[in-house]
Amino acid sequence: MIATILSIFSLFSSAMAAARERSFIMIKPDGVQRGLVGEIIKRFEQKGFKLVGLKFVWPTEDLLKKHYADLSDKPFFPALVKYMASGPVVPMVWEGLNVVKTGRVMLGATNPADSAPGTIRGDLCIQMGRNICHGSDSVESAKKEINLWFTEKEVVGWAPANDCWVYED
């Protein structure tokens with residue numbers, strides 16, 4: 001009996017933890033300049049994900065070099081950092097079941113020419129250098145990126161009234 005209760009509790013805890021997975025999504029300067037912030041937020045909200053962190057900032061080159069450190073050996077790195085520092089961005093933290101994987105699907109391929117219609121990049125972008133959004137590629141990357149851009153107090157845990165309509169018990 002106790003083993004059954006513990007097993008059910010374990011399954012419930014795992015499901016709740018998965019529902020609280022977080023991803024880092026950032027609207028790049030081209031997305032901000034084109035007035036697409038609301039459209040991108042709308043798509044994530046309509047999917048059922050919960051916004052738990054949001055800023056409007058003009059990032060420094062130092063911050064961007066840390067963010068894109070894994071690309072620092074690429075020939076396009078200096079141009080990427082310069083471009084990303086050319087205007088304000090909107091870093092966000094989204095929460096939900098499989099939000100990292102699903103968020104990447106919603107964004108579409110890095111190269112908009114390879115993105116399917118219905119994806120953010122497929123619908124709203126033309127060139128890879130102006131692909132309007134960054135999205136974490138793994139849960140580990142999301143944690144690193146969230147911690148780089150947000151303090152613990154800037155990510156707000158809350159429960160919307162409609163959770164029961166998005167997630168099963």
Quiz item: Taking Asp163 for the side chain and Ala159 for the main chain, is one N or O donor matched with an acceptor at less than 3.5 Å?
Solution: no
Quiz prompt | Heavy-atom donor-acceptor pair, Asp123 side chain to Pro117 backbone, under 3.5 Å | solution = no
Self-check item: Shortest non-hydrogen contact between Thr119 and Ala116, atoms and distance
Solution: OG1-O, 2.7 Å
Quiz item: What pair of heavy atoms forms the shortest contact from Lys28 to Cys133, and how long is it?
Solution: CE-O, 3.4 Å
Quiz item: Can you tell me how far CG of Asn111 sits from CE of Met128, rounded to the nearest 0.5 angstrom?
Solution: 5.0 Å
Practice problem: Over all heavy atoms of both residues, which pair between Ser115 and Gly108 is shortest? Give the atoms and the distance, please. | Solution: OG-C, 3.5 Å
Quiz prompt | For the student: nearest non-hydrogen atoms of Leu54 and Val90, plus distance | solution = CD1-CG1, 3.5 Å
Quiz item: Are any side-chain N or O atoms of Arg121 and backbone N or O atoms of Asn131, one a donor and one an acceptor, separated by less than 3.5 Å?
Solution: yes
Exercise. Measure the spacing between NE2 of His134 and CE of Met92 and express it to the nearest 0.5 Å.
Key: 11.0 Å
Self-check item: Val155: hydrophobic cluster co-members (side-chain, 4.5 Å)
Solution: Phe24, Met26, Val52, Val57, Leu63, Leu64, Tyr68, Leu71, Phe76, Phe77, Leu80, Val81, Tyr83, Met84, Val89, Val93, Ile146, Leu148, Trp149, Phe150, Val156, Trp158
Practice problem: Measure from the side-chain N and O atoms of Ser23 to the backbone N and O of Ala142, and report whether any donor-acceptor pair falls under 3.5 Å. | Solution: no
Exercise. Using modelled atom types only, decide if a donor and an acceptor are shared between the side chain of Glu45 and the backbone of Lys42 within a distance under 3.5 Å.
Key: no
Practice problem: Take Val37 and Val32, measure what side-chain contact (heavy atoms from CB on, under 4.5 Å) needs, and give me the verdict at the end. | Solution: CA-CA 6 Å; Val37 174; Val32 172; 4.2 Å; yes
Quiz item: Say you draw a straight line from CD of Glu168 to SG of Cys164; how long is it, rounded to the nearest 0.5 Å?
Solution: 12.0 Å
Practice problem: Mind checking the CG-SG spacing from Asp30 to Cys125? Nearest 0.5 Å is all I need. | Solution: 6.5 Å
Quiz item: For atom NZ of Lys55, is the number of surrounding heavy atoms from other residues, nucleotides or ligands below 6.0 Å larger than 12?
Solution: yes
Quiz item: Do Thr102 and Asn98 have side-chain N/O donor and acceptor atoms under 3.5 Å apart?
Solution: no
Quiz item: Would Glu39 and Arg43 count as a salt bridge (Lys or Arg N to Asp or Glu O under 4.0 Å) if you check the C-alpha gap in whole Å, the side-chain angles of each, and the deciding distance to 0.1 Å?
Solution: CA-CA 6 Å; Glu39 172 67 22; Arg43 288 184 185 215; 2.8 Å; yes
Quiz item: Backbone N or O of Leu124 within a donor-acceptor pair of the Arg34 side chain at under 3.5 Å?
Solution: yes
Exercise. State plainly whether one hydrophobic cluster holds both Ile27 and Phe56, where clusters connect Ile, Leu, Val, Met, Phe, Trp and Tyr through side-chain heavy atoms under 4.5 angstrom apart.
Key: yes
Exercise. Report the C-alpha separation of Phe44 and Trp94 in whole Å, then their side-chain angles, then the decisive distance to 0.1 Å, and conclude whether the ring-ring contact (aromatic ring centres under 6.0 Å, His included) test is met.
Key: CA-CA 8 Å; Phe44 277 84; Trp94 288 93; 5.2 Å; yes
Quiz item: Looking at side-chain heavy atoms only, is the closest gap between Ser136 and Arg22 below 4.5 Å?
Solution: no
Quiz item: Could you state the interatomic distance from CD1 (Ile25) to CE (Met106), rounded to the nearest 0.5 Å?
Solution: 8.0 Å
Quiz prompt | Approximate separation, where rounding is to 0.5 Å, of Ile40 CD1 and Ile120 CD1 | solution = 5.5 Å
Quiz item: With a cut-off of 6.0 Å (strictly less than), are more than 12 heavy atoms of other residues, nucleotides or ligands near NZ of Lys144?
Solution: yes
Self-check item: Criterion salt bridge (Lys or Arg N to Asp or Glu O under 4.0 Å) on Arg20 and Glu95, from CA distance to verdict
Solution: CA-CA 6 Å; Arg20 282 192 232 111; Glu95 187 174 272; 5.6 Å; no
Practice problem: Check the pair Glu21 / Leu97 against side-chain contact (heavy atoms from CB on, under 4.5 Å), numbers first and verdict last. | Solution: CA-CA 6 Å; Glu21 179 180 290; Leu97 182 64; over 6 Å; no
Quiz item: Just wondering, do Gln127 and Pro112 contact through their side chains at under 4.5 Å, heavy atoms?
Solution: no
